[in-house]
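Here's the structure we're looking at; comments come further down.
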Amino acid sequence: QKEVEQDPGPLSVPEGAIVSLNCTYSNSAFQYFMWYRQYSRKGPELLMYTYSSGNKEDGRFTAQVDKSSKYISLFIRDSQPSDSATYLCAMRAGGTSYGKLTFGQGTILTVHP
Amino acid sequence: DVKVTQSSRYLVKRTGEKVFLECVQDMDHENMFWYRQDPGLGLRLIYFSYDVKMKEKGDIPEGYSVSREKKERFSLILESASTNQTSMYLCASSLPGTRNNEQFFGPGTRLTVL
């Protein structure tokens, strides 16, 4: 069983829809949770990060972490065609882990006009 | 802006060849990483380095080696390329203690081994 599980999709939604992306994990040592966005033929870029449990909002994006359920989510409100990309969840333990991340498989999202 | 560059965007090699993938970052980051990305498998860590001449195996180091002679440069070496090493290779760097050790990625090298 993978340490981090993410539904690879693909997910196709109309413009303006609310998108929900999710990951589950098994390692209770994970404390830092991230979402990376990867456009076609580009490297991933950090979109949001959260420490421990709770919510974090940035514009149209909301990241949620539920450590008790080992479940994280990314919500995109009023989705736009420019949001079409692969979304990767990533997480790491605290302490001296040299920032080593464990990634999910990535979800391919297409927002059509 | 942090910039991570990779020596080639596309590379085609033959089975058995020795392959070098180069990565350079311009922000004095201590940590550097090599990943491969395959459909349905996400990013998998091959090797990482936390200082010059220091290296640690990641999750899938078999068939690969690395070299870090200078802080800004991290090389991935395929000693004898095989077809199952056809993949997208991504390099990343990070600075400990900043914004959650955010990793900055290069654009990737798509390697095809024939």
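Labels below follow one simple rule: chain letters A, B, ... track the order of the sequence lines, proteins then strands, and each chain is numbered from 1.
- A single hydrophobic cluster is seen to contain both A/Leu11 and A/Tyr87, as judged by linkage of ILVMFWY side chains at heavy-atom distances under 4.5 Å, directly or through other members.
- Counting non-hydrogen atoms of other residues, nucleotides and ligands closer than 6.0 Å to CZ of A/Arg77 gives a total above 12.
- The distance from the CZ atom of A/Phe103 to the OH atom of B/Tyr35 is 4.5 Å, given to the nearest 0.5 Å.
- Applying the 6.0 Å contact sphere to CZ of B/Arg44 captures more than 12 heavy atoms from other residues, nucleotides or ligands.
- Atom CD of A/Glu15 has more than 12 neighbouring heavy atoms from other residues, nucleotides or ligands inside a 6.0 Å radius.
- When every heavy atom of B/Leu90 is checked against every heavy atom of A/Pro44, the shortest pair comes out as CD1-CD, 4.0 Å.
- Here the NZ-CZ distance, from A/Lys100 to B/Phe33, works out to 9.5 Å after rounding to the nearest 0.5 Å.
- Rounding to the nearest 0.5 Å places OG of B/Ser94 at 8.0 Å from CG of A/Leu101.
- In this structure, the portion of B/Gln37 lying under 4.5 Å from any heavy atom of chain A is its side chain and not its backbone.
- With contacts defined as side-chain heavy-atom distances shorter than 4.5 Å, the pair B/Arg9/A/Arg41 qualifies.
- For a residue to count as touching a neighbouring chain, one of its non-hydrogen atoms must lie under 4.5 Å from one of that chain's; by this rule A/Gln38 touches chain B with the side chain only.
- Of the listed residues B/Gly58, B/Pro39, B/Gly40, B/Gly108, the one with more heavy-atom pairs under 4.5 angstrom with chain A than any other is B/Gly40.
- The structure places OH of A/Tyr32 at 14.5 Å from CD of B/Glu102, a figure rounded to the nearest 0.5 Å.
- Both A/Leu47 and A/Val13 sit in one connected hydrophobic cluster of ILVMFWY residues. Membership requires side-chain heavy atoms under 4.5 Å apart, directly or through other members.
- Side-chain heavy atoms closer than 4.5 Å link hydrophobic residues (I, L, V, M, F, W, Y) into clusters, and following such links, possibly through other members, connects B/Trp34 to B/Ile60.
- Using a 4.5 Å cut-off between heavy atoms, B/Asp59 touches chain A through its side chain atoms alone.
- For chain B, no part of A/Tyr51 is nearby; none of its heavy atoms comes within less than 4.5 Å.
- Using a 4.5 Å cut-off between side-chain heavy atoms of Ile, Leu, Val, Met, Phe, Trp and Tyr, with links allowed through other members, A/Val4 and B/Ile46 fall into different hydrophobic clusters.
- In the hydrophobic clustering of ILVMFWY residues, with side-chain heavy atoms under 4.5 Å counting as a link, B/Phe48 and B/Tyr64 come out apart.
- With chain A as partner, the option from B/Leu41, B/Leu43, B/Leu45 having the largest number of non-hydrogen pairs under 4.5 angstrom is B/Leu43.
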